[in-house]
Participant: 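Here's a structure for you.
Residue numbers count from 1 along this sequence. All values derive from a computational prediction rather than experimental measurement.
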Amino acid sequence: GEIVQKIDGVAVADRYRDESETISSATEQWRRQVGLGRMLERSAAGPVEIVVRDAGGSSRTVIVEAVAAEVYRPSAEVRPESGSEVDPGIVYFDLNNARTATLRSHMKTMQRAKAVIFDLRGYPNDAGYDLFKHIITQPVTSAWWCVPVRTHPGREPNRWEESHWDISPSATRIPGKLVFITDGSAISYAESCMAIVEHYKLAEIVGSPTAGTNGNVNPFELPGGYRVAWTGMKVEKHDRGPHHGVGVLPTVPVKRTVEGIAAGVDELLQRAIEVARQP
């Protein structure tokens, strides 16, 4: 719950401002997701000096060792085990990196539950797509994938190639109430999944807007070691509205607080449990 004020003598606000100027992002939530991680990156190992302020307003200097991290989640919450009961009759399943085999191994438990909370803060594996077969009662589609087709340089597209997912229901269904948790860490494929939840109103969505960035990425390398990437596919919502810069919006907005972090409370999960308890 302590607030970091400075890193190596530089105020956090200044460091974030400098980092955020170099981040290509359609939304502030994704810019923060990337920027907060970059603020803690070091080009060389060694001690890092940070100044922190506690809840009482007192500041102190702490020396810590720099460590490498492949994935960074600010204020990463400690999540329950998938398939565990987080409240009487309410089962939790973490979709971040989840495989279909794991989803199906907990299927009977989720079928017996009064309600199931699916956590999509992060990026799902193949369980993200497979899940929908078990929570729908009629065929559904994804949002629209629109790829521009150009036959001449420097001109507008001649046409667009459009496609989407087609998903049919499975005989194995999760019948209870559903609640999804998400935030700005959900990008691309995760948003494809959340957009289906949003459009078909399959569940309440607890948390904050997703990253608002979806579509195939087209990268290439330039001399000097530069890498350029852009989105080569335009994604439109089911109703043909824009997804870029918008994302999937929560039906029950919740944000983490310093007080919650200090107390070790996952406020999004707690709110999701409250929603799941409702008739």
Side-chain angles (χ1 to χ4, degrees), residues 16-38 41 70-72 95-97 120 122-133 136 138-168 182-202 205 208-250:
Y16 177 73
R17 183 197 62 225
D18 294 342
E19 290 292 349
S20 63
E21 288 178 351
T22 67
I23 298 170
S24 176
S25 173
T27 60
E28 178 58 26
Q29 56 265 29
W30 182 248
R31 184 177 293 108
R32 286 180 61 83
Q33 186 72 23
V34 176
L36 292 177
R38 286 189 184 179
E41 290 180 352
E70 293 182 4
V71 179
Y72 172 76
L95 281 167
N96 185 41
N97 292 322
L120 222 176
Y123 199 87
N125 210 302
D126 51 357
Y129 177 91
D130 189 73
L131 169 64
F132 289 101
K133 301 175 186 177
I136 57 176
Q138 59 185 9
V140 301
T141 68
S142 66
W144 291 94
W145 322 136
C146 307
V147 178
V149 178
R150 292 180 170 88
T151 56
H152 296 85
R155 298 185 185 180
E156 290 299 308
N158 296 70
R159 59 186 175 87
W160 293 82
E161 289 186 350
E162 298 184 344
S163 62
H164 55 236
W165 298 341
D166 292 293
I167 308 174
S168 297
T182 196
D183 63 10
S185 66
I187 190 171
S188 192
Y189 168 40
E191 296 189 280
S192 299
C193 296
M194 288 306 308
I196 297 174
V197 178
E198 176 185 51
H199 178 72
Y200 291 99
K201 297 181 172 57
L202 298 177
I205 302 173
S208 55
T210 60
T213 305
N214 199 359
N216 295 340
V217 179
N218 292 339
F220 68 93
E221 304 291 334
L222 291 174
Y226 295 98
R227 183 176 184 270
V228 178
W230 77 97
T231 306
M233 173 194 288
K234 179 174 66 172
V235 174
E236 295 181 340
K237 287 178 177 279
H238 289 75
D239 62 2
R240 293 295 189 170
H243 175 87
H244 189 75
V246 178
V248 175
L249 307 181

Participant: Would you indicate whether Arg240, at its atom CZ, is surrounded by more than 12 heavy atoms from other residues, nucleotides or ligands within a distance under 6.0 Å?
Facilitator: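 Check passes, neighbour count above 12.
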
Participant: Compare all side-chain heavy atoms of Trp145 with those of Val235 and state whether any distance is below 4.5 angstrom.
Facilitator: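 Yes, at least one pair of side-chain atoms sits under 4.5 Å.
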
Participant: Within the distance-only criterion (no hydrogens, no angle test), does the side chain of Thr27 pair as donor or acceptor with the backbone N or O of Ala211 below 3.5 angstrom?
Facilitator: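 Yes, because the side chain of Thr27 sits within donor-acceptor range (under 3.5 Å) of the backbone of Ala211.
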
Participant: How far does OG of Ser188 sit from CG of Asn216, to the nearest 0.5 angstrom?
Facilitator: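 That separation rounds to 7.5 Å.
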
Participant: Could you check if a side-chain atom of Pro209 sits within less than 4.5 angstrom of a side-chain atom of Leu249, using non-hydrogen atoms only?
Facilitator: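 They are in contact (side-chain heavy atoms under 4.5 Å apart), so the answer is yes.
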
Participant: If you round to the nearest 0.5 Å, how far is NE2 of His164 from NE2 of His238?
Facilitator: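 These two atoms lie 8.5 Å from each other.
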
Participant: So, Glu191 side chain and Gly212 main chain: donor-acceptor pair closer than 3.5 Å or not?
Facilitator: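 Yes: the side chain of Glu191 pairs with the backbone of Gly212.
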
Participant: Do Arg32 and Tyr16 have side chains that approach each other closer than 4.5 Å (heavy atoms only, starting at C-beta)?
Facilitator: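 Of all side-chain heavy-atom pairs linking Tyr16 with Arg32, at least one is under 4.5 Å.
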
Participant: State, yes or no, whether a side-chain contact exists between Ile167 and Lys133 at a heavy-atom distance under 4.5 Å.
Facilitator: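 Yes, close enough: below the 4.5 Å cut-off.
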
Participant: Short question: side chain of Arg155, backbone of Arg150 - any donor-acceptor pair under 3.5 Å?
Facilitator: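 Side chain of Arg155 to backbone of Arg150: no pair is present.
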
Participant: Between Tyr129 and Trp165, what is the ring plane arrangement, given parallel below 30°, perpendicular above 60°, and tilted in between?
Facilitator: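 Tyr129 vs Trp165 ring planes: perpendicular.
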
Participant: Inspect the surroundings of CD in Glu156 and state if more than 12 heavy atoms from other residues, nucleotides or ligands are less than 6.0 Å away.
Facilitator: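 No - once you tally the heavy atoms of other residues, nucleotides and ligands closer than 6.0 Å, there are 12 at most.
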
Participant: State, with a plain yes or no, whether a side-chain heavy atom of Ile196 is found less than 4.5 Å away from one of Val140.
Facilitator: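 The answer is yes; the side chains approach within 4.5 Å.
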
Participant: Answer whether the closest heavy-atom distance between the side chains of Val34 and Ser25 falls below 4.5 Å.
Facilitator: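 No. Closest side-chain heavy atoms not under 4.5 Å.
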
Participant: Backbone N or O of Asn214 within a donor-acceptor pair of the His244 side chain at under 3.5 Å?
Facilitator: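 No.
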
Participant: Quick check: does any side chain N or O of Asn96 sit under 3.5 Å from a backbone N or O of Tyr123, one acting as donor and the other as acceptor?
Facilitator: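 Indeed, once roles are kept as given, a pair shorter than 3.5 Å links the two residues.
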
Participant: Which atom pair, heavy atoms only, marks the closest approach of Gly122 to Ser185?
Facilitator: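 That would be N-OG, 3.0 Å.
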
Participant: Looking only at heavy atoms, which two atoms of Leu120 and Ala190 are closest? And how far apart?
Facilitator: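 In this case the closest contact between Leu120 and Ala190 is CD2-CB, 3.5 Å.
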
Participant: Minimum heavy-atom separation for Met233 to Val147, with atom names?
Facilitator: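 Closest pair (atom of Met233, atom of Val147, distance): CE-CG2, 4.0 Å.
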
Participant: Side-chain contact, heavy-atom cut-off 4.5 Å: Gln33 with Ile187?
Facilitator: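 No, their side chains stay 4.5 Å or more apart.
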
Participant: Using a 6.0 Å cut-off, check whether atom OH of Tyr226 has over 12 heavy atoms from anything other than its own residue.
Facilitator: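 12 or below, so no.
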
Participant: So, Lys237 side chain and Gly247 main chain: donor-acceptor pair closer than 3.5 Å or not?
Facilitator: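 Flag set: sc Lys237 to bb Gly247 pair under 3.5 Å.
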
Participant: Can you list everything that forms a side chain to side chain donor-acceptor pair (under 3.5 Å) with Asp239? Sequence neighbours excluded, please.
Facilitator: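 Here no residue qualifies.
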
Participant: So, the side chain of Tyr200 versus the backbone of Thr141: is there a donor-acceptor pair under 3.5 Å, distance only?
Facilitator: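 Yes; judged by distance alone, with no hydrogens or angles, the pair exists.
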
Participant: May I ask you to check whether over 12 heavy atoms, not counting those of Glu221, lie within 6.0 Å of atom CD?
Facilitator: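 Enclosed: over 12 neighbouring heavy atoms sit under 6.0 Å from CD of Glu221.
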
Participant: Decide yes or no for Ile136 and Leu202: does some side-chain heavy atom of the first lie under 4.5 Å from some side-chain heavy atom of the second?
Facilitator: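 Yes, at least one pair of side-chain atoms sits under 4.5 Å.
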
Participant: Any donor-acceptor pair under 3.5 Å linking the side chain of Thr182 with the backbone of Thr210?
Facilitator: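 Not a single qualifying donor-acceptor pair exists.
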
Participant: Identify, with sequence neighbours excluded, every residue that meets side chain to side chain donor-acceptor pair (under 3.5 Å) alongside Glu161.
Facilitator: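 Side chain to side chain donor-acceptor pair (under 3.5 Å) list for Glu161, sorted by chain: empty.
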
Participant: Looking at residues at least two apart in the chain, or sitting in another chain, which of them share a side chain to side chain contact (heavy atoms under 4.5 Å, CB included) with Glu19?
Facilitator: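 Scan of Glu19 (side chain to side chain contact (heavy atoms under 4.5 Å, CB included), adjacent residues dropped) gives Thr22, Arg38, Met39.
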
